[in-house]
Colleague: 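Attaching a single structure in structure tokens format; questions to follow.
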Amino acid sequence: MDKMYNRLRNLDAYPKINEDFYSRTLSGGVITLVSSIFIALLFLSEFRLYLHTVTDSKLVVDTSRGGKLRINFDVTFPSVPCTLLSVDAMDISGERHMDIRHDIFKKRIDSHGNVIETRQDGIGAPTIEKPLQKHGGRLEHNETYCGSCFGAETSDEECCNSCEEVREAYRKRGWGMTNTDLIDQCKREGFVQKVKEEEGEGCNIHGSLEVNKVAGNFHFAPGKSFHQTNMHLLDLLALQSESYNISHKINKLSFGDSIPGIVNPLDGVEWVQIRPNGVYQYFLKVVPTIYTNIKGHTIQSNQFSVTEHYKSSEEDQYRSLPGIFFFYDLSPIKVTFTEEHASFLHFLTHICAIVGGVFTVAGIVDSFIYHGQKAIRKKMEIGKLG
């Protein structure tokens with residue numbers, strides 16, 4: 001047993017020195033104090049990094065198929081009245097949504113940006129007098145209402161019972177409504193009155209759209225949109241002047257839920273129109289993104305990059321419609337962000353490296369100072385003896 005103990009004793013890499021042979025110096029005490037403070041600071045820094053989460057990012061091919069894409073927006077037009085402002089969306093699959101009103105909210109604002117009224121588009125409209133029948137008389141009690149289409153009907157039995165139906169009949173004919181003051185349905189619904197009341201006002205429009213997860217576009221434009229002979233047109237009402245100021249500020253634009261730490265490139269972007277009429281176009285590349293936080297909660301959303309282009313009516317030989325167009329396309333690459341903690345063993349390895357490294361360097365410095373002082377003293381003693 002004693003032989004085993006002796007063998008283990010011979011393996012000791014840390015031989016002990018009798019305390020009587022220790023030589024403590026002032027320089028050694030200063031170096032020990034400084035190195036201890038340095039170790040403490042490095043330990044605190046490493047501990048903070050250990051407590052904080054780190055985000056690991058990966059790029060993978062997006063293999064998902066189908067699905068929907070939610071577009072959230074909040075845009076302010078200081079010079080376009082709410083009644084004339086419409087939202088339309090279409091995609092390469094051929095699906096079209098014209099004059100979208102579901103989940104769309106509008107705020108009437110004055111020239112100073114103050115809110116006058118907030119309303120959900122298309123809800124409520126004042127009526128005046130009794131409806132005018134197709135034969136010319138007013139609607140009587142127990143009589144079925146059949147409004148005139150004002151020359152746009154395609155058959156004798158066709159009725160237009162609302163301003164929108166009259167406008168639709170005109171669209172099908174390819175006509176424009178040049179004077180809505182003469183349309184009884186529009187007067188009853190207060191459309192003319194609303195447009196005239198909002199003259200000189202602006203509009204803040206916000207809400208969300210749900211579209212197919214394919215390339216497409218959505219846009220904001222003055223007037224109501226429709227699709228005729230495979231071309232997208234606008235019924236630009238004669239209630240407004242011939243030029244439209246599409247100056248705008250994008251308060252928010254996102255594709256899906258917000259992701260922590262990600263700022264969308266168009267948030268807060270403002271553009272002021274100098275020349276009359278024109279088309280402002282944004283070309284967006286949407287990148288599917290999955291974010292998983294430290295608790296395992298997953299957010300499936302999107303990021304996007306953007307380029308922009310303005311085309312004035314003077315430069316546009318095809319006479320494009322005035323408005324703001326957002327053309328988006330989907331990237332085939334998906335980004336994944338995952339929050340995670342550094343492992344405890346990783347933290348422990350760093351602490352050992354800090355303590356060992358600092359004490360080793362401090363020992364070298366102390367040995368250099370100690371032997372340097374000893375050599376100087378020895379030379380001084382030799383000089384005195386000489």
Side-chain angles (χ1 to χ4, degrees), residues 70-90 97-101 103-121 194-195 198-209 211 216-225 232 234-237 239-255 258 263-286 304-316 319-328:
R70 194 173 84 252
I71 305 171
N72 307 304
F73 60 85
D74 183 349
V75 185
T76 300
F77 295 85
S79 303
V80 180
C82 285
T83 299
L84 290 181
L85 193 61
S86 65
V87 186
D88 314 303
M90 58 189 68
H97 301 277
M98 304 301 174
D99 195 15
I100 302 169
R101 300 188 178 193
D103 291 333
I104 305 295
F105 297 86
K106 293 179 178 179
K107 293 180 183 178
R108 293 171 55 195
I109 56 176
D110 60 21
S111 57
H112 302 289
N114 301 314
V115 178
I116 301 172
E117 177 193 11
T118 302
R119 68 169 185 259
Q120 186 169 4
D121 195 21
K194 283 196 293 182
V195 173
E198 295 177 13
E199 190 174 354
E201 294 179 4
C203 186
N204 169 263
I205 181 167
H206 64 279
S208 62
L209 306 173
V211 297
N217 78 81
F218 64 98
H219 58 268
F220 304 90
K224 303 298 181 180
S225 302
H232 182 251
L234 282 177
D235 178 13
L236 298 180
L237 303 178
L239 297 163
Q240 287 286 299
S241 60
E242 293 182 357
S243 63
Y244 291 86
N245 186 342
I246 57 170
S247 298
H248 60 276
K249 179 180 181 181
I250 303 174
N251 305 304
K252 176 186 176 183
L253 179 66
S254 64
F255 292 80
S258 60
V263 178
N264 294 313
L266 285 179
D267 289 359
V269 169
E270 187 171 5
W271 179 79
V272 178
Q273 177 175 315
I274 300 175
R275 289 173 287 184
N277 275 342
V279 180
Y280 207 90
Q281 299 170 321
Y282 294 95
F283 300 91
L284 314 174
K285 178 66 75 172
V286 180
F304 66 91
S305 61
V306 60
T307 56
E308 51 194 71
H309 174 68
Y310 174 69
K311 184 166 53 177
S312 69
S313 57
E314 300 166 0
E315 304 167 351
D316 186 9
R319 299 191 58 133
S320 299
L321 307 168
I324 305 173
F325 288 73
F326 296 85
F327 298 91
Y328 58 88

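For this chain, numbers begin at 1 and follow the sequence in order. None of these values were measured; they are calculated from a predicted model.
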Colleague: At their closest point, which heavy atom of P78 faces which heavy atom of S247, and how far apart are they?
Modeller: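 Reported closest heavy-atom pair: CD-O, 3.2 Å.
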Colleague: Find the distance between CZ (F283) and CZ (F325) and round it off to the nearest 0.5 Å.
Modeller: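 Taking CZ in F283 and CZ in F325, the distance rounds to 10.5 Å.
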Colleague: To the nearest 0.5 Å, tell me how far F77 CZ sits from I324 CD1.
Modeller: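 The CZ atom of F77 sits 3.5 Å away from the CD1 atom of I324.
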Colleague: At their closest point, which heavy atom of G323 faces which heavy atom of I246, and how far apart are they?
Modeller: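 What the structure gives for the nearest pair is O-CD1, 3.3 Å.
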Colleague: Within this structure, what is the CG-NZ distance for the pair D74 and K249, rounded to the nearest 0.5 Å?
Modeller: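 If I round to the nearest 0.5 Å, the distance is 9.5 Å.
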Colleague: Check step by step if side chain to side chain contact (heavy atoms under 4.5 Å, CB included) holds for L266 and L284.
Modeller: CA-CA 10 Å; L266 285 179; L284 314 174; 4.0 Å; yes
Colleague: Provide the closest heavy-atom pair for I104 versus I100 in the form atom of the first, atom of the second, distance.
Modeller: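 What the structure gives for the nearest pair is CG1-O, 3.7 Å.
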Colleague: Among Q273, H219, H248, E308, find the one that has a side-chain hydrogen bond (donor to acceptor under 3.5 Å, both in side chains) with Y280.
Modeller: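 Exactly one pass, corresponding to E308.
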Colleague: Check the surroundings of atom NZ in K252: do more than 12 heavy atoms from other residues, nucleotides or ligands lie under 6.0 Å from it?
Modeller: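 Incorrect, the count does not exceed 12.
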Colleague: How many angstroms lie between atom CG of L209 and atom CZ of R70, to the nearest 0.5 angstrom?
Modeller: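 Separation between the atoms: 11.0 Å.
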Colleague: Rounded to the nearest 0.5 Å, what's the gap from NZ on K107 to CG on N114? Could you check?
Modeller: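 Here the interatomic distance stands at 12.0 Å.
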Colleague: Report yes if the distance between the aromatic ring centroids of F326 and F73 is under 6.0 Å, otherwise no.
Modeller: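 They do not qualify: ring centres at least 6.0 Å apart.
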Colleague: Test side chain to side chain contact (heavy atoms under 4.5 Å, CB included) on N245 and V272; report intermediate values, then the result.
Modeller: CA-CA 9 Å; N245 186 342; V272 178; over 6 Å; no
Colleague: I need the E270 CD to T76 OG1 distance, nearest 0.5 Å.
Modeller: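 If we round to the nearest 0.5 Å, E270:CD and T76:OG1 are 9.0 Å apart.
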Colleague: Do V269 and L253 make a side-chain contact, defined as non-hydrogen atoms from C-beta onward lying under 4.5 Å apart?
Modeller: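 No, their side chains stay 4.5 Å or more apart.
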Colleague: Which atom names give the shortest non-hydrogen contact between G202 and C82, and what distance separates them?
Modeller: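 Taking every non-hydrogen atom into account, O-SG, 4.1 Å.
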Colleague: Nearest heavy-atom pair of V87 and I205: which atoms, and what distance?
Modeller: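 That would be CG2-CD1, 3.3 Å.
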Colleague: Identify the heavy atoms of Y282 and V306 that sit nearest to each other, and give their distance.
Modeller: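 Closest heavy-atom pair between Y282 and V306: CD2-CG2, 4.0 Å.
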Colleague: Determine whether the side chains of N72 and S208 contain a donor N or O and an acceptor N or O closer than 3.5 Å.
Modeller: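 Not at all, the side chains of N72 and S208 share no donor-acceptor pair under 3.5 Å.
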Colleague: Parallel, tilted or perpendicular: which fits the ring planes of Y328 and F218, with parallel below 30° and perpendicular above 60°?
Modeller: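 Plane angle between 30° and 60°, so tilted.
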Colleague: Go through the steps to decide whether V211 and I71 satisfy the test side chain to side chain contact (heavy atoms under 4.5 Å, CB included), and finish with yes or no.
Modeller: CA-CA 8 Å; V211 297; I71 305 171; 3.9 Å; yes
